[in-house]
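Read the structure below first, then the notes.
Hydrogens, waters and symmetry mates are skipped; everything else that's a heavy atom, side chains included, is used. Every chain is numbered from 1 and lettered A, B, ... according to where its sequence line falls, protein lines coming before strand lines. It should be emphasised that the depicted structure is a prediction, and the values quoted were computed from it without experimental measurement.
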Number of protein chains: 2
Amino acid sequence: MWRMARPRKPLLSRDRIVEAAGALVDAEGLEAVSTRRLAAALGVSGPSLYNHFRTKDAILEAVADAVSARVDLSMFDAVGVADGDGDEAPRGDRGGGARRDWREALHAWAHSYRDALADHPNIVPVLARGPGRRPAGLRLADAVFGAMTEAGWPPAHATRIGALMRYFILGSAVASFARGFVDDEAAYDPVDYPHLGQAHLLAERRREVDKGAFETGLKALLDGLSLQYEALREPRA
Amino acid sequence: MWRMARPRKPLLSRDRIVEAAGALVDAEGLEAVSTRRLAAALGVSGPSLYNHFRTKDAILEAVADAVSARVDLSMFDAVGVADGDGDEAPRGDRGGGARRDWREALHAWAHSYRDALADHPNIVPVLARGPGRRPAGLRLADAVFGAMTEAGWPPAHATRIGALMRYFILGSAVASFARGFVDDEAAYDPVDYPHLGQAHLLAERRREVDKGAFETGLKALLDGLSLQYEALREPRA
DNA sequence: ACCTGAACACCGTTCAAGT
DNA sequence: ACCTGAACACCGTTCAAGT
């Protein structure tokens, strides 16, 4: 039996760990992830993970970042100013429609973001605690801010728009109606809560509420921002 | 030494436990709460807590509910229909202003809610995972829904409004800008994130961003909902 | 009824040792 | 360089025992 050559293939890699951790989070939730369980799923012993990540939390951050990375940002590429110098406007048959550019981009982005979160609801609490140092999270914040200033929003407004969209989108995932109310009719005593007769509806119905609320809220948000945008552009009304 | 009489005073009570747990959460965060640490702060041994709560999680739920309980709901009492039967309208010198009732109530409530969360940011993740069976959380959802239907919103809309306000308010606390970005300038490489030059601003400045974003978002949301309300009331435009 | 210490089955993380 | 077992200082929770 000869001594094994040095470059034997590592059993683990950051990518493999993130993938397994993500699968575990999706399947069993955040609390189910322990270093020992995760390591077992990868066929190694617990401490091995520390050769690739400094802490368990760093692994969860990486899982969260992988979710952020799947959010489409391409709609922000072509966002230009409402009117005036048309060289920023996207080529295409929109005509004066370039006016609504930032609004449409925000709408499309919000949906892409929400879809990404809906695919991996269990990791959302980690995502929600902020971009911190996660590259994809920062890229996302950067893209929104850049597109809004490009569209003619003053920087201070662009910052606020980025933040308030974050509130709404992450809030819709973390404070979901479908996940927040229990399925048990007895929990909602009609004497204590006279208007909550519908709260215990079936899970399917509750998911519809979330979809409708997201759609309604997003439309209201964008309508309201459009009003502010117009007020900024034409100060004399 | 005579045998001690039975009704000696209990060392613990649910209220004392909730108070101590809340203080610990506020001071050191959610992860700092262990049954042993909490018990020590109360001068008892760990297992004693289980005489008053079934699990550690039930204690945290009670802490969260205590925060919900401080949210003012009184503004929903006097909300009436926009026009028509004036017996629902609040007494007062508003004149036709009763029209905006639900909007003003929502605005005041959102601020009260946000203030309560801002006082205890560390418990927000527990609150955000839903009212579940927490009485104050349910009362809150009940009040919003009741007031919105009272104001003339169709039930399906009222449900959505309750949900989307939840998203925004809890999102503003859980996905806070101030808490989500690190204080370290080096984290935001201008090559990778060309628009993020301001992200590392001082904590104080970041809190202002959150305040502004909440205000801007809330106004946009209510403006947008007002548009929808008018469209519902006067279908022919 | 309410509190205790001991115990169980877990944790995250460190570290010396192996290849 | 990368993986291991042993060890440390913790966890949440149960339970028999005490008053």
Next on the checklist: Set out, in order, the CA-CA distance, both residues' side-chain angles and the distance that settles side chain to side chain donor-acceptor pair (under 3.5 Å) for B/T55 and B/D57, then state yes or no.
Outcome noted: CA-CA 5 Å; B/T55 60; B/D57 202 63; 5.4 Å; no
Next on the checklist: Applying salt bridge (Lys or Arg N to Asp or Glu O under 4.0 Å) to B/R179 and B/D210, what does each step give before you reach the verdict?
Outcome noted: CA-CA 10 Å; B/R179 302 164 61 80; B/D210 272 324; over 6 Å; no
Would you tabulate the pairs of protein nitrogen or oxygen atoms and nucleotide nitrogen or oxygen atoms of nucleotides 6-8 of chain D closer than 3.5 angstrom?
none

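Side chain of A/V44, nearest nucleotide from D/dT4, D/dT14, C/dG12: D/dT4. Which of D/dG12, D/dT4, C/dT13 sits closest to the side chain of B/Y50 comes down to D/dG12. Nearest to the side chain of A/N51, among C/dC3, D/dT4, D/dT13, sits D/dT4. Looking at the side chain of A/L12, the nearest of the listed nucleotides D/dC11, D/dC3, C/dC2 is D/dC3. Side-chain proximity of A/T55 to D/dT13, C/dC11, C/dT13: nearest is C/dT13.
Listed by first residue number, the stems of DNA chain C with at least three Watson-Crick or G-U pairs below 3.5 Å are C:4-8 with D:12-16, C:12-16 with D:4-8.
Among pairs with a residue in residues 211-222 of chain B, those fulfilling salt bridge (charged side-chain N to carboxylate O under 4.0 Å, His left out) read B/K219-B/D223, at least two apart in sequence or across chains.
For B/H52, no side-chain nitrogen or oxygen approaches OP1 or OP2 of C/dA1 to under 4.0 Å. Contact check, A/S48 against D/dC2: no side-chain N or O comes under 4.0 Å of OP1 or OP2. Taking only side-chain nitrogens and oxygens, A/S45 never comes nearer than 4.0 Å to OP1 or OP2 of D/dC3.
Atom CG of A/L11 and atom C1' of C/dG18 are 14 Å apart (whole Å). A/L42 has its CG atom 10 Å from the P atom of D/dC3, to the nearest Å. Here C/dC11 presents its P atom at 14 Å from NZ of B/K56, a figure rounded to the nearest Å. When the P atom of C/dA9 is taken as reference, atom CZ of A/R37 falls 17 Å away, rounded to whole Å. One can place CG of A/L49 at 13 Å from C1' of D/dT4, the figure rounded to the nearest angstrom. Atom-to-atom, CD of B/E31 to P of C/dC11 comes out at 19 Å; the value is rounded to the nearest Å. Rounded to a whole Å, the CG atom of B/L38 is 15 Å from the C1' atom of D/dT13. Following rounding to the nearest Å, B/F53 (CZ) and D/dG12 (P) show an atom-to-atom distance of 15 Å.
No side-chain donor-acceptor contact under 3.5 Å links A/N122 to the backbone of A/L30. Between the side chain of B/K56 and the backbone N or O of B/L49 there is no donor-acceptor pair closer than 3.5 Å.
Using a 4.0 Å cut-off between a side-chain N of Lys or Arg and a carboxylate O of Asp or Glu, B/R16 and B/E19 do not qualify as a salt bridge. Under a 4.0 Å N-O distance rule, the pair B/D183/B/R206 qualifies as a salt bridge.
Aromatic ring pairs are classed by plane angle as parallel below 30°, tilted from 30° to 60° and perpendicular above 60°; the pair B/Y188 and B/F181 is tilted. Between B/W102 and B/W153, the ring planes are perpendicular. Angles over 60° get that label, and only those under 30° would be called parallel.
Within 4.0 Å (heavy atoms only), A/T35 reaches at least one base atom of the nucleic acid.
Between A/F168 and A/F214, the ring center distance clears the sub-6.0 Å criterion.
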